[in-house]
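As a basis for the values below, the full set of heavy atoms in this structure was taken, side chains included, without hydrogen atoms, waters or symmetry mates. Order of the sequence lines fixes the chain letters, A, B, ..., with proteins taken first and strands second; residue numbering starts at 1 for each chain.
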Number of protein chains: 2
Amino acid sequence: MLSKQQLIEYSDDARKNYVNHISIDCVVFGFHEGQMKVLLLKTHNEEKWYLPGGFVLKEEPIDTAANRILQQRTGLDKVFLQQFRVFGDPDRSKVHNDMYADMIPKEQNWFSGRFISIGYYALVDFSGAIPHPDQFSELCAWRDLDDIPELQLDHQKIYQSALDTLRLQLNYQPIGYNLMPKEFTMPELQKLYETILGKKLDRRNFQRRILGFGILTRSEEPRKGGAHKAPYLYSFDLENYQHALTEGFKGGW
Amino acid sequence: MLSKQQLIEYSDDARKNYVNHISIDCVVFGFHEGQMKVLLLKTHNEEKWYLPGGFVLKEEPIDTAANRILQQRTGLDKVFLQQFRVFGDPDRSKVHNDMYADMIPKEQNWFSGRFISIGYYALVDFSGAIPHPDQFSELCAWRDLDDIPELQLDHQKIYQSALDTLRLQLNYQPIGYNLMPKEFTMPELQKLYETILGKKLDRRNFQRRILGFGILTRSEEPRKGGAHKAPYLYSFDLENYQHALTEGFKGGW
DNA sequence: TTATCATAGTGTATTAAGTACACAATTGTA
DNA sequence: TACAATTGTGTACTTAATACACTATGATAA
């Protein structure tokens, strides 16, 4: 056991030696016109884009912090938001540090430290989400999955990890409630899966499988007015959807 | 865009307002005599047990930190170790703060801050792991999954979350290489799965499924000497095992 | 007006995976 | 030498996954 004096020294050492910068970065997915999109920010004095991010307040739960940060930086509110991984390589924030180096005296520069970042991914209904940039950013824009520009820091890695997580979760969790409008057609939902997975699926097998999950309700009336045969409209059965979210689909063992 | 002066103020505010304490906590699973076990620590002046944990050094990758912390606190080295979740409720470290409150003057007490903890889980071969407590702890002991004592802080929650993660991963990843000795029998491996899942499995179906994964090699000679019919010995085919680890088992879509 | 095209809805045969269950072989012990 | 405990193996049944083809509707162009 340590003495009181040893403990005090230990505390002082800790302050000096341990990482003390935590950030949150959000990968925001939206779905529009058959394409999965990611929300990115940009300032005018930087070429590269970056993910909306920020810091956790001292008395704030991290999930609350993630929601607040997303709201402040993009204007998005009340979205599905979930942590998926921590990014903590020492060199991950080097560029970030340089960025502010000429702006703030070094001894005053809180940003010159080494950051550990908690990655969150968000799923939002594109049509209801009108993002707007905050005071730090000039641009706030949706970019197609297959047209992601070069990103700052390790944001490319964070984005890729979020996408991998999403793909894995397709296998044992329902998805779509937070990405689709209230009512949608089966081909539209299939497009969502295809754009996430990056490959084509068979219409008939997709429908059988999705319906087998029991999380969809079919409307009486099909969608009219469009060209071609009128498709049926579906909506999510929220009760079953929530149940599937917590329980997962195929138990495995 | 912000002015230089605004940026400096922003930096000062950040230092004051944002969380700046990060810890790592490890849930170490071991398997011995048909029972899954967790490694716990205890000091003599505290009743509750706790998970081995520590802090990340300023120039250290978090995975390296987790390995170092585990080594320092339990003597375990070169084990399978993986982050699974961040725990960041503001009240999660209250007890921790109180613990040191009478030992270190408040203004000097680095530990009185609010901590965000990265949860890691480890899988270790029990027979090769002889854990020993560090300078802070008095006891370092394996406890059966069904006999976990009361834990400090939110360590009960962290432990439960690690176990849930492990159970989920059974469905799409191989497991066992880090928990079993080099050679083992099929019933022994089945016991591992049963103790993780907390339920009985059918011998014949278990064997068919596990063998179907193609990650096991059967030895020529069965184990002799024991009572009853001599069981075959198996070992993991490392190449296929690694491949399954990265690729996963059943793709789903 | 009607043929055509694009899209939507539905069904069936085949294969693979999961589940339930029974009997034979080996080894130490009563 | 019969028995109990444990291990090895096989088979029928059910469910899920895959591959693939036809019919129906509505707008548009000949």
Side-chain angles (χ1 to χ4, degrees), chain A residues 33-35 167 170-174 180-181 183-195 197 199-235 244 247-253, chain B residues 33-35 167-168 170-174 180 183-195 197 199-235 244 247-253:
Chain A
E33 289 181 351
Q35 249 296 319
R167 283 181 179 162
L170 280 194
N171 290 321
Y172 56 90
Q173 279 192 353
M180 304 295 287
E183 291 200 307
F184 47 89
T185 68
M186 192 59 77
E188 283 165 2
L189 184 61
Q190 184 180 337
K191 258 288 180 193
L192 171 64
Y193 275 76
E194 288 180 339
T195 184
L197 292 167
K199 67 177 178 187
K200 291 271 171 202
L201 301 172
D202 183 280
R203 278 189 314 128
R204 299 152 283 193
N205 296 336
F206 175 80
Q207 170 151 335
R208 177 159 354 132
R209 185 159 169 181
I210 277 284
L211 289 178
F213 293 159
I215 54 170
L216 292 181
T217 315
R218 191 165 91 171
S219 299
E220 302 287 320
E221 294 298 310
R223 172 182 294 171
K224 290 169 185 171
H228 317 301
K229 178 167 182 175
Y232 284 104
L233 286 171
Y234 291 87
S235 58
E247 296 301 312
F249 284 140
K250 34 185 178 183
W253 294 96
Chain B
E33 290 181 350
Q35 250 297 319
R167 283 181 179 163
L168 190 62
L170 280 195
N171 290 322
Y172 56 91
Q173 281 193 351
M180 305 294 287
E183 292 200 307
F184 48 88
T185 67
M186 193 57 77
E188 283 166 0
L189 185 60
Q190 184 180 336
K191 259 284 179 195
L192 172 63
Y193 275 76
E194 288 179 339
T195 184
L197 292 167
K199 68 177 179 188
K200 291 272 170 202
L201 300 172
D202 183 280
R203 279 190 314 128
R204 299 152 284 192
N205 296 336
F206 176 81
Q207 169 150 337
R208 176 161 354 131
R209 186 159 169 182
I210 278 283
L211 289 178
F213 293 159
I215 55 169
L216 292 180
T217 316
R218 192 165 91 170
S219 299
E220 303 286 320
E221 294 299 309
R223 172 181 293 172
K224 290 170 186 169
H228 316 300
K229 179 167 182 175
Y232 284 104
L233 286 171
Y234 292 87
S235 57
E247 295 302 312
F249 283 140
K250 36 183 177 182
W253 294 95

Please state how far atom [atom1] in [X] lies from atom [atom2] in [N], giving the value in whole angstrom units.
{"X": "A/Lys200", "N": "D/dC20", "atom1": "NZ", "atom2": "C1'", "answer": "18 Å"}
{"X": "A/Leu189", "N": "C/dG9", "atom1": "CG", "atom2": "C1'", "answer": "16 Å"}
{"X": "B/Phe206", "N": "C/dA20", "atom1": "CZ", "atom2": "P", "answer": "16 Å"}
{"X": "A/Leu211", "N": "C/dT10", "atom1": "CG", "atom2": "C1'", "answer": "12 Å"}
{"X": "A/Leu201", "N": "D/dA17", "atom1": "CG", "atom2": "P", "answer": "13 Å"}
{"X": "B/His228", "N": "C/dA25", "atom1": "NE2", "atom2": "P", "answer": "19 Å"}
{"X": "A/Gln190", "N": "C/dT7", "atom1": "CD", "atom2": "P", "answer": "13 Å"}
{"X": "A/Phe249", "N": "D/dA17", "atom1": "CZ", "atom2": "C1'", "answer": "16 Å"}

Item to complete: Taking all non-hydrogen atoms of both residues into account, name the closest pair between B/Lys200 and B/Lys191 and its distance.
Response: NZ-NZ, 4.1 Å
Worksheet entry | Shortest side-chain distance from B/Arg209, nucleotide among D/dT9, C/dG18, C/dA8 | C/dG18
Fill in: 5′-ward residue of the pair A/Asn205/A/Lys229 relative to DNA chain D
A/Asn205
Worksheet item: So, is B/Arg203 near the phosphate of C/dT19, with a side-chain N or O under 4.0 Å from OP1 or OP2?
Response: no
Discussion item. Is there, by distance only and without an angle test, a donor paired with an acceptor across the side chain of A/Arg204 and the base of C/dA8 below 3.5 Å?
Written reply: no
Fill in: Base D/dT18 to side chain A/Arg208, donor-acceptor N/O within 3.5 Å cut-off
yes
Worksheet entry | Heavy-atom donor-acceptor pair, A/Glu194 side chain to A/Leu201 backbone, under 3.5 Å | yes
Fill in: Axial cation check for B/Trp253 ring with A/Arg167, 6.0 Å and 45° limits
no
Item to complete: Might you work through the side chain to side chain contact (heavy atoms under 4.5 Å, CB included) test for B/Leu192 and B/Phe184, ending with a clear yes or no?
Response: CA-CA 11 Å; B/Leu192 172 63; B/Phe184 48 88; over 6 Å; no
Discussion item. Closest-nucleotide mapping onto DNA chain C: is A/Asp202 or A/Pro231 further toward the 5' terminus? I mean the 5' end.
Written reply: A/Pro231
Item to complete: Could you label the plane-to-plane angle of the A/Tyr193 and A/Phe206 rings as parallel, tilted or perpendicular, counting under 30° as parallel and over 60° as perpendicular?
Response: perpendicular
